[in-house]
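Step one of this worksheet: look at the structure below.
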Amino acid sequence: MENDNVLLEVKGLRKYFPIRKGFLQRAVGQVRAVDGIDFHVYKGETFGIVGESGCGKTTAARCIVRALQPSAGEIHFRADGGEMTDVANLSRDELRPLRRHMQMIFQDPFSSLNPRMTLFDIIGEPLLVNGMADRQQRIERVEELLALVGLRPEFLQRFPHAFSGGQRQRIGIARALALNPSLIVADEPVSALDVSVQAQILNLLLELQERLGLTYLFVAHDLSVVKHICDRVAVMYVGRVVETAETQQLFESPKHPYTEALLSAVPQPDPTLRSQRIILEGEVADPANPPSGCYFHPRCRYAVDLCREKTPVLEEVAPGHAVSCHRALELDLAGTLDAPVPQTAHS
Amino acid sequence: MLAYAARRLVLAIFTLWTVTVLSFIIIQLPPGDFVDAYMAQLSATQSNVSEQHFESLRRQYALDRPMYVQYLKWMSGVFSGDFGTSMMWRKSVLDVIGDRLAMTMVLSLGAIILTWAIALPIGIYSAVRQYSIGDYVFTFIGFIGLGVPSFLLALVLMYLGFTLFDSDIGGLFSPEYQLEPWSWGKVKDLLYHLPLPAIIIGLSGTAELIRVMRANLLDELRKPYVITARAAGMSERSLVLKYPVRVALNPFASTVGYLLPYILSGSVIVSVVLGLPTLGPLLLGSLVAQDMFLAGTIVMMLGALTVIGTFLSDLLLMWIDPRIRFEMVQ
Amino acid sequence: MQDDRQPILSVRNLKTSFFTDEGIVRAVDGASFEVHLGQTLGIVGESGCGKSVTALSILGIVPRPGRIVEGEILLRREPENGQAQEIALTSLGDSSSEMRSIRGAEIALVFQEPMTSLSPVHTIGNQIIGAARLHRKLTKQEASELAVELLSLVGIPRAEGAIDAYPFQLSGGLRQRALIALALSCDPRLLIADEPTTALDVTTQAQILDLLRSLQEQNGMAIMLITHDMGVIAEMADQVVVMYLGRVVEEGPVDTVFGESKHPYTQSLLRSIPSIHSTPKVHLPTITGTIPHPYNRPAGCPFHPRCPDFIPGVCDHHEPELQSVGDEHLVSCFLYHPVPETSS
Amino acid sequence: MAEEHNSSDSEERIFVAGQMQLMWWRFRKHRVAVVATFVVVAFYVVVLAADFLAYTDPNTTEAYRLLMPPQPIRFFDNGSFRPHVYAVSGKRDLRTFKRVYEADPNNKLTVRFFARGYKYKLFGFIRTDRHLIGVEGATAAESLFLLGTDEKGRDVWSRMMVATRTSLTIGLVAVVLSLVLGVLLGGISGFYGGAIDSIIQRLIEILRSIPTIPLWMGMAAAFPREWSVEQIYFAITIVIALRGWTGLAREVRGRFLSLREEDFVTAADLAGCSRKRIIFRHMIPSFQSHIIAAATLSIPAMILAETALSYLGLGLRPPAISWGVMLQQVQNVEAVALSPWLLVSAAPVIIVTLAFNFMGDGLRDAADPYGI
C-alpha cells in the first residue's frame with residue numbers, strides 16, 4: 001500500500017449545480033451533487049462507488065474524467081507511471097495529453113455511440129485524434145480491439161444500429177481501450193442491459209483487467225454487481241462518502257447504518273434466504289436542501305441528538321476502513337455472510 | 001406562480017417597448033421627414049400654407065433634434081393619447097382609427113374562438129381515430145388549409161359568392177347598417193357577417209392547431225397513465241376526455257402565443273381583400289400614401305394587441321397547468 | 001377447503017400477437033398459469049419475453065395492433081348463492097361493460113412507471129376518487145374519505161393533504177404508493193403489479209415490496225408480480241412462471257424453480273446473476289448470444305440457439321410443450337419429455 | 001467469447017447503411033412526400049427554363065387583346081394530330097363597352113414545338129429564340145393565349161412562367177439567408193449558453209410575437225420608388241429573412257443543447273477531440289437533416305410572404321413579374337368575376353406551398369432514422 005501504488009487520489013471533490021430562477025436566471029441556490037469526497041484508487045484494482053439515485057456517484061465519476069468541471073477539490077492522477085498531476089484545474093489544452101490515460105464506459109449503450117459513424121470511425125476516432133494518421137494502421141488496431149472485446153473484425157463497416165445493447169456496450173469498451181488507458185471509469189456499465197447479457201459484460205471487464213492490467217473506477221447502484229467485481233468500495237449518500245472499505249469487509253461488517261440498510265434491502269435470487277429486512281423510513285434527502293448534521297439521521301434508526309447537530313467526518317475505524325458516523329465504534333451492524341449458495345441442479 | 005407571472009409580465013413590457021421602437025423605425029424609414037412629405041402633399045393640392053406652420057410642426061415633432069429625442073417626444077405623446085397627425089386625413093391619428101381597433105379585436109377574437117372550436121374536436125377525433133378515413137380526410141383538409149394563403153381563399157370565396165349566390169361577401173355590415181350608430185340590430189348584423197371572414201382568417205391557424213392537437217394527444221395517449229385509467233375500468237370515451245385531452249390542452253393553450261400574431265397578420269391582408277372596416281385597409285392605405293404616423297401607430301397597435309393577448313394566454317396557461325402554478329417549470 | 005385450492009384466475013394457452021407492418025410479433029405464445037387468492041404469482045423474464053403483454057391481455061387492454069388470438073382466461077368470482085361464478089374474460093368484448101366492471105374492481109393494475117402512470121394535471125385525490133366511483137356507489141364525500149383512508153393505508157404521510165397534491169409534488173416512492181392506493185380503491189381480489197419497483201432505488205424498493213406483502217396479509221388478495229429481477233421474485237413469489245420470447249419455459253413453486261430448476265434457460269439465468277453471497281471475481285457462467293429480435297423468432301424452441309443442451313434436429317424443429325416434471329413443476333423442454341411423433 | 005451473429009444479406013445491407021441511405025429508405029415510404037418532391041422539382045425545372053416554356057415576351061402589351069379569355073388548344077384536325085388554336089378577333093360591345101372575343105374556326109393557327117419566338121438566353125448563357133411551343137410567323141392578331149391575357153393584354157401563360165422563376169427563387173434566397181442567420185445565432189446561443197443565449201432567446205421571442213405582415217408591410221413601404229427591380233428583390237428577401245431565421249435558430253439551439261448532453265459527444269471529448277471536430281464531426285452531422293427539413297418547411301412561408309406583399313403593392317413592382325404581382329390585378333370582386341382566369345396564378349402558389357409542406361413533412365419524418 002505504498003504511495004507509489006496509488007493511481008488516482010481524489011481530495012475534497014465538490015460539484016455544485018446552481019439552481020437558476022427568474023427572468024435573469026440568477027442562481028438562487030445550489031444542488032450539492034458532490035459535497036466534498038475523498039478517496040484513492042490503487043493501480044490494478046477495481047474501486048466501486050455505490051449509492052442510490054441522486055447520491056452524486058455519476059457526477060463524481062464525470063468530474064474525475066473531467067467531462068464536468070469540478071467546483072472545488074483536487075484530482076491527482078498518475079499518468080504512465082510518472083508523477084501525480086492534479087487534473088482538476090487543468091485547461092482543455094493542458095488536459096489533452098492526459099486524456100488518453102483515463103477513459104470512460106457509459107451506462108446507455110444507445111446514446112453513447114454516434115449513430116452516424118461506423119464502428120471503424122467510432123473506435124478509430126481516439127486513435128486518429130491522438131496522432132495515428134495512417135488508415136491501414138488504424139484499421140488493424142480497430143480490428144484487434146474488436147477481437148479483444150469479442151466482436152468479429154468484419155463488423156468494421158457496420159453502424160451501431162446493427163447491434164444489440166450488449167454488443168454496443170462491447171463497442172463502447174473497445175473505444176475506451178483504444179488508447180491503452182490505465183484508468184477506466186465505468187459508469188453503471190451493465191445496468192441498462194438484460195440480466196443474461198450483464199454477466200457477459202462483467203466477465204469481459206474482469207478478463208480485460210487481467211490481460212491489460214487495467215484499473216477500474218466502477219460506479220453502480222447494484223450491490224451484487226459491486227460485490228462481484230470490486231476490490232474496494234465507497235458508499236455514497238447525498239453527495240458524501242459515508243463508508244469506504246475493502247469489499248469483503250464492507251459487506252461482512254458494515255460500520256455505517258446506511259450501508260447496513262442498503263445491504264439488507266437487496267433482494268437475493270434465492271428464496272431460502274428470505275429474511276427480515278431493514279426497511280428505511282422516508283426518502284433520500286434532497287441535495288438542494290439537506291438536513292442538518294448527518295444527512296442520514298432522519299432515516300437512521302440509531303440516530304441520537306449528536307447526529308442531528310454535528311456533521312460526522314470520514315474517519316478510519318480499522319485499517320483501510322473509514323466511516324462517517326458518530327456511532328461507528330459503538331454499533332454492531334449486520335452484514336451479509338458468504339453463505340454457500342446451493343448450486344442449481346444441472347442434468 | 002407569482003414569479004412566473006412577473007417574468008412573463010417583464011417580458012411582455014420589454015416586447016411592448018421593442019414594438020414601439022420598431023414602429024418608430026417604420027415611421028422614420030421613408031426618405032425625408034414627415035413635414036417634407038406633408039409639404040409635398042399640401043403643395044400638390046393647395047399652395048397657401050405658411051412656412052411658419054411647417055416650422056411649428058417641425059418643432060412639435062422635434063424633427064430638428066436627435067432621433068432618440070424624437071422617439072421620446074412621440075412616446076410621451078402616445079402616453080397622453082396623442083399618436084400624431086395623419087396627413088392623409090388631416091386629423092389626429094386616433095380619430096382616423098376610430099372604432100377600427102375594436103373591430104380588429106372583435107374579428108381576431110372571433111377567428112381565435114372559431115379556430116379553437118374547429119381545431120379542438122377535429123384534433124381529438126384525428127388522434128383517437130388515428131389512420132381512420134376521417135383522420136385522413138381531416139389531415140388532407142388541414143394540409144389544404146396550410147397551403148392556401150388566406151387572401152387567396154378570400155378571393156376565391158368572393159368569386160364563388162359572386163357567381164353562385166350573386167352576393168358580395170365582403171364587409172362586416174349590411175349596407176343598411178354601414179353608417180348607422182351602434183344598436184342591437186347592428187350588433188346582430190355584425191355577428192351575422194363575422195363568421196365567414198373569421199373562418200378565412202383562421203383557416204391556416206386551424207390547420208396548424210389540428211396538427212398540434214393531434215400530435216399532442218397522440219403523445220399523451222401513449223403515456224402509462226392512460227393504461228392506468230383503462231385498467232381501472234374507465235370507458236374509453238370518458239377516459240380520453242378526462243385525462244389525455246386535459247393534459248394535451250396545456251400545450252394547446254400556449255399556442256395562443258403564436259396563433260395571435262398569425263391571426264392578426266392574416267386579418268390585415270384578408271381585410272384588405274374583403275374591404276373590412278378594420279385596421280388592415282387603413283394600414284395599407286397609409287403605407288401607400290407614406291402617411292407614416294398613422295402607419296406606425298397601426299403597426300404599434302397590432303403589436304401591442306399580440307403582446308397583451310400572449311400575456312393573457314400565459315396567465316391562462318398558468319391557471320390551467322398545476323405544474324406551472326406550483327413552479328415546477330423545467 | 002376444496003374451494004380454497006380453486007384458482008381465482010386461470011390462464012390457458014394464451015396467445016397474443018401484434019400485427020405490425022413489418023410482420024407478426026407473437027408477444028405471448030401459449031402461456032398457461034393459475035393465480036390463487038392470498039398468494040403471489042411471479043412472472044419473470046427478460047425484455048421481450050411477453051410478461052407485460054400477458055398482464056395487458058388479462059385486463060383486455062392490449063393496444064392495437066395487438067390482440068389475443070387464442071386461449072382462455074377464466075376469472076372465478078366471489079361465490080354467489082353458494083355457487084362460484086366463472087367468467088371467461090376472453091369471451092367478453094374488450095370495451096364491453098362487463099369487462100369494464102371487472103377491470104379495476106376485480107383485477108387492478110399497478111404499472112411500472114411511477115413518474116408517468118398518474119395524470120400530471122389531476123390531483124392524486126381526484127384520480128383515486130374517479131376510480132373508486134366507477135365501480136362503487138359512493139358520494140363524492142364518501143369517496144374522498146375513502147381516498148384519505150387508502151392513502152394512509154399505503155403509508156403516505158399526512159394523507160388528508162396528499163389527496164390535493166399533484167403527482168409531480170411527490171417523490172418516486174410516494175407516487176408508487178399513491179398508484180397502489182388507486183389500484184386498491186375498489187378492493188380488487190387480484191392485483192397485477194408490472195415491474196412495480198424497477199424505477200425505484202433499493203431502499204425504496206424494499207419499502208414497496210414490504211407494503212405489498214402486508215397488504216396481501218391484510219386483505220388476502222392475489223398478486224401477480226411481473227419483473228425481470230430474480231431477486232424480487234425469490235423474495236416475494238409463492239409460484240413462479242419463467243418466460244422467454246413469449247413462451248412459458250418453466251413454472252412451479254418458488255423453491256422448486258429456484259432450487260431445482262430444470263429448464264436450461266432458468267438454470268443459466270440463475271447462474272449468471274452475481275449475488276452478494278457468491279464468490280467475487282469468478283467467471284460467471286453466461287448465456288451465449290443475445291435475445292433475438294421478436295420479428296426473427298427462431299423456429300422450434302425459441303431458446304435453442306442459445307441453449308447449452310441444444311439437441312440438433314429436435315429443438316430447432318419442434319416446439320416443446322409445457323409438461324409436468326414433478327409436483328406442480330412444469331417445464332417446456334425436450335430434455336424431459338419425448339419429441340412429438342408428428343412433425344410440426 | 002466471440003459473438004455469433006449470422007445475418008442475411010438484406011440485414012447486412014441495413015447494418016452497413018449510412019445515415020443518408022437510411023433516411024432515403026425512410027423517406028421513400030412516405031409516398032405523398034415523394035410525389036411532392038417530384039412536383040417541387042418540376043417547379044424548379046420551370047425556374048431554370050422559364051423563357052423556354054414561355055412563348056410570348058411577358059412584357060409585351062397588346063392594346064387589342066385586353067382581358068382575353070384562354071384559348072382552348074385543339075389537338076386533332078380532321079383526324080390527324082395537329083395541335084392548333086382558332087384565331088380570335090375582338091371587338092367592342094357597343095352596349096357594355098367591353099371587348100368581346102370571337103373565335104374563328106376557319107382560321108386555324110398551328111401550334112408548333114420548338115417554335116421561334118422572342119430572343120432570350122437559356123439558363124442565362126445560351127442565346128436562342130426557340131421555345132417549347134409557339135405559333136410561328138403569326139401577326140399580332142393571330143397569336144396563342146393559352147391562359148388568356150391580363151388587363152394590359154399580356155399573355156398570362158408566359159408571364160406565369162417568368163413569375164414562377166421570380167417567386168421560387170425569392171423563397172430560396174430568403175431561406176438561405178435565414179439559414180445563415182439562424183444557424184449562426186442559434187449555434188452561438190446553444191453552444192455558449194449563459195447571457196448570450198438569454199439575449200438571443202429574448203430577441204427571438206420578441207420577433208416571433210410581432211405580427212409579421214404589418215411589420216413586413218411597414219418595412220417594404222419604405223423601399224424608395226426609384227429602386228431597381230433587383231434592389232427591391234433583394235430588399236424583400238432580406239425583410240422576409242429577418243423574421244424567418246428565428247424558427248431555424250430555435251431548432252439549431254435546441255439540437256445543440258440536447259446534443260451537448262449526449263454521451264457520444266462526451267465520449268468524443270474524452271477521446272481528445274478538439275471543439276472544432278466535436279462540432280463538425282459529431283454535432284452538425286447529427287442535426288443537419290433536421291435543419292434541412294425545417295428549412296424546407298419554412299420555404300412556403302417565404303413564398304407566401306412575397307406573394308402577399310406584392311399582391312398588396314408593397315413588394316415587387318412592375319415591370320418585375322411574380323405570382324403576387326400578377327394577382328394584383330384581381331384586387332376586387334369585379335375583376336375576379338369578369339376575368340376569372342386571372343386567378344390562375346393562385347394555383348401555382350397553392351400547389352407549390354402544399355408540395356413543400358408535404359416534402360418537408362416527409363423529410364422531417366426521415367430526418368432521424370435512428371428512432372424517436
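Computed from a predicted model, the values in this text were never measured in an experiment. The figures here come from the full heavy-atom set of this structure, side chains too, leaving out hydrogens, waters and symmetry mates. Here is how names work: the chains are called A, B, and so on, in the same order as the sequence lines, proteins then strands, and each is numbered from 1.
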On a heavy-atom basis, which atom in B:P322 and which in C:P120 lie closest, and how many Å separate them? CG-O, 4.1 Å
All heavy atoms of B:T228 vs all of C:F111, minimum pair found to be OG1-CB, 4.3 Å
More than 12 heavy atoms of other residues, nucleotides or ligands under 6.0 Å from CZ of B:F140: yes or no? no
Pairwise side-chain contact, C:R100 with B:S235, heavy-atom cut-off 4.5 Å (strictly under): yes
Student check: side-chain heavy atoms of C:N126 and B:K242 closer than 4.5 Å: yes
When rounded to the nearest 0.5 angstrom, what distance separates OG1 in C:T116 from CZ in B:R222? 13.5 Å
Turns out that what part of C:Q112 lies under 4.5 Å from chain B's heavy atoms comes down to neither
Measure distances from C:S95 to the heavy atoms of chain B and classify the residue's part below 4.5 Å as side chain, backbone, both or neither. neither
Is C:H122 close to B:Y225 at the side-chain level, that is, under 4.5 Å between some pair of heavy atoms? no
Against chain B, work out which of C:L134, C:I192, C:L59 has the most heavy-atom pairs shorter than 4.5 Å and name it. C:L134
Please find the pair of heavy atoms, one from C:R64 and one from B:V128, that lie closest to each other, and give the distance. NH2-O, 4.1 Å
B:R129 atom CZ, neighbour heavy-atom count above 12 within 6.0 Å: no
Name the member of C:L179, C:T123, C:I61, C:L182 that forms the most heavy-atom pairs with chain B at distances under 4.5 Å. C:I61
Is it the case that atom CE in C:M99 sees more than 12 heavy atoms from other parts of the structure closer than 6.0 Å? yes
